[in-house]
Amino acid sequence: MSKISVLVVDDAPFIRDLMKKALRTLFPGIRVEEAVNGRKAQQLLGRDAFDLILCDWEMPEMSGLELLTWCRAEAATKTTPFIMVTSRGDKENVIQAIQAGVSDYIGKPFSNEQLAAKVRKALARAGKLDALQAADTRPAMTGMTNDSLNALTGGKAEVVRRAPAAASAAAAAPAASAAPASKAAALAGRGQGQLRLASGTLECVIKAISLKEALLIIKRTDTLPQVLEAAVLDLEQGEADIARLNGYLHAIAALEPKPDSEWLQVTFRFVDRDPQKLDYLSRLIARGTGQRHYVPGA
């Protein structure tokens, strides 16, 4: 029985590694190849056949939507299952992808369970589900695991995922007695963005930002987000536009020097290589202070 072959297309090495390791863990024996953008994917598709394509939307040189359009115009890939993997979840984007011939859609960040379900569904529709050489060999992953960490460590790390929450930094700013006045003032007012994880969304305030990472302030909940957890940072650009920045949680620390700190500082490391997003970050930094810090409300 021949192996199922999957092409993973994403300009972010972290996301590619995450998907490759998750696929190989969930489906032993599967063959996984990778491409850094649509143009490179075209070259691979031109010389090899794949049973499934998992593709990011926003990439340099050729976007996922452009690659999808090309695939549907080529005889060899006209019917190949094509799953768009992206943080773009707006109705108009979904409609655009459907009109171009997308097979399915999975939003970032995603859990291993969500990825496995989409892959099985796409291969079942194509009549190739039976070609998977083996079922999952590891115990079923639940919502209480850090999928990013599991994928990158081969499932050897035992951690607890944060429960779904949407606590607003604006609605629960700490009192002056709980933090220095400067911190309380910095955290007051509405959150400047939303941090989306596979299990829920948190309002956050941007403390500092660079082309590499952002320092975010979030309110502590009963359970904590995990280091290496994949996430998406949504930032409002205007009344209707939202910038979606892909990344992972690089570090988490208490904002206040005490074990019961009500607020956490999260280092969110960007993984996007999209020139448009880098340009957006550059303009965002330019609006900040002389220390290259983004001032909420500026």
Side-chain angles (χ1 to χ4, degrees), residues 12 14-15 18 87 89 107-109 146-149 159-174 178-180 182-237 241-258 260-272 274 277-278 280-289 291-298:
F14 176 82
I15 301 297
L18 191 65
S87 55
K108 295 178 183 177
N146 183 335
D147 291 327
S148 300
L149 187 56
V159 294
V160 177
R161 180 182 289 283
R162 175 185 55 78
S168 171
S182 59
K183 288 183 181 178
L187 296 174
R190 59 175 295 193
Q192 297 300 309
Q194 289 188 325
L195 185 64
R196 281 193 282 135
L197 298 110
S199 56
T201 302
L202 289 172
E203 297 290 337
C204 62
V205 172
I206 303 171
K207 183 179 179 183
I209 194 166
S210 70
L211 291 176
K212 182 179 180 181
E213 62 191 20
L215 293 182
L216 310 175
I217 307 301
I218 63 173
K219 193 172 191 304
R220 183 175 180 175
T221 57
D222 291 338
T223 53
L224 304 177
Q226 301 295 325
V227 172
L228 290 181
E229 188 170 358
V232 175
L233 179 61
D234 292 335
L235 299 178
E236 294 185 4
Q237 301 184 79
D241 295 331
I242 298 177
R244 297 177 178 84
L245 305 173
N246 299 295
Y248 65 96
L249 307 187
H250 183 72
I252 303 172
L255 182 63
E256 304 156 279
K258 55 183 182 179
D260 60 344
S261 176
E262 188 178 2
W263 298 86
L264 301 176
Q265 178 172 286
V266 176
T267 302
F268 179 77
R269 186 68 58 84
F270 302 123
V271 299
D272 288 307
D274 186 347
K277 291 187 179 181
L278 292 175
Y280 168 73
L281 284 172
S282 297
R283 288 184 283 109
L284 193 63
I285 293 168
R287 295 206 305 265
T289 66
Q291 287 75 35
R292 300 179 69 80
H293 285 183
Y294 175 64
V295 180

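When a residue number appears, it is its place in the shown sequence, counting from 1. What you see below is based on every heavy atom in this structure, not just the backbone, and it leaves out hydrogens, waters and symmetry mates.
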Partner residues of R269 under the salt bridge (Lys or Arg N to Asp or Glu O under 4.0 Å) criterion, sequence neighbours left out: E213
For D272, side chain to side chain contact (heavy atoms under 4.5 Å, CB included) partners two or more places apart: L245, N246, K277
By side chain to side chain contact (heavy atoms under 4.5 Å, CB included), which residues pair with Q194, not counting sequence neighbours? T201, E203, D234
Indicate the atoms forming the closest heavy-atom contact of [X] with [Y], along with that distance.
X	Y	result
V227	H250	CG1-O, 3.7 Å
A214	F270	CB-CZ, 3.8 Å
A12	V271	CB-O, 3.0 Å
L235	G193	CD2-CA, 4.1 Å

Gap separating the CZ atom of F268 from the CD atom of E229, nearest 0.5 angstrom: 11.0 Å
Tell me whether R196 contacts the main-chain N or O of K108 through its side chain, where contact means a donor paired with an acceptor under 3.5 Å. yes
Could you tell me if the side chain of P225 sits less than 4.5 Å from the side chain of L195, heavy atoms only? no
Within-4.5 Å side-chain heavy-atom neighbours: L202 and V266: no
For C204, run the side-chain contact (heavy atoms from CB on, under 4.5 Å) check against L264, I217, L233, L215 and tell me which one passes. L233
Tested for side-chain contact (heavy atoms from CB on, under 4.5 Å) against L249, the lone hit among L216, L197, L228, T267 is L197
Just to verify, what does S261 make a side-chain hydrogen bond (donor to acceptor under 3.5 Å, both in side chains) with, not counting sequence neighbours? E256
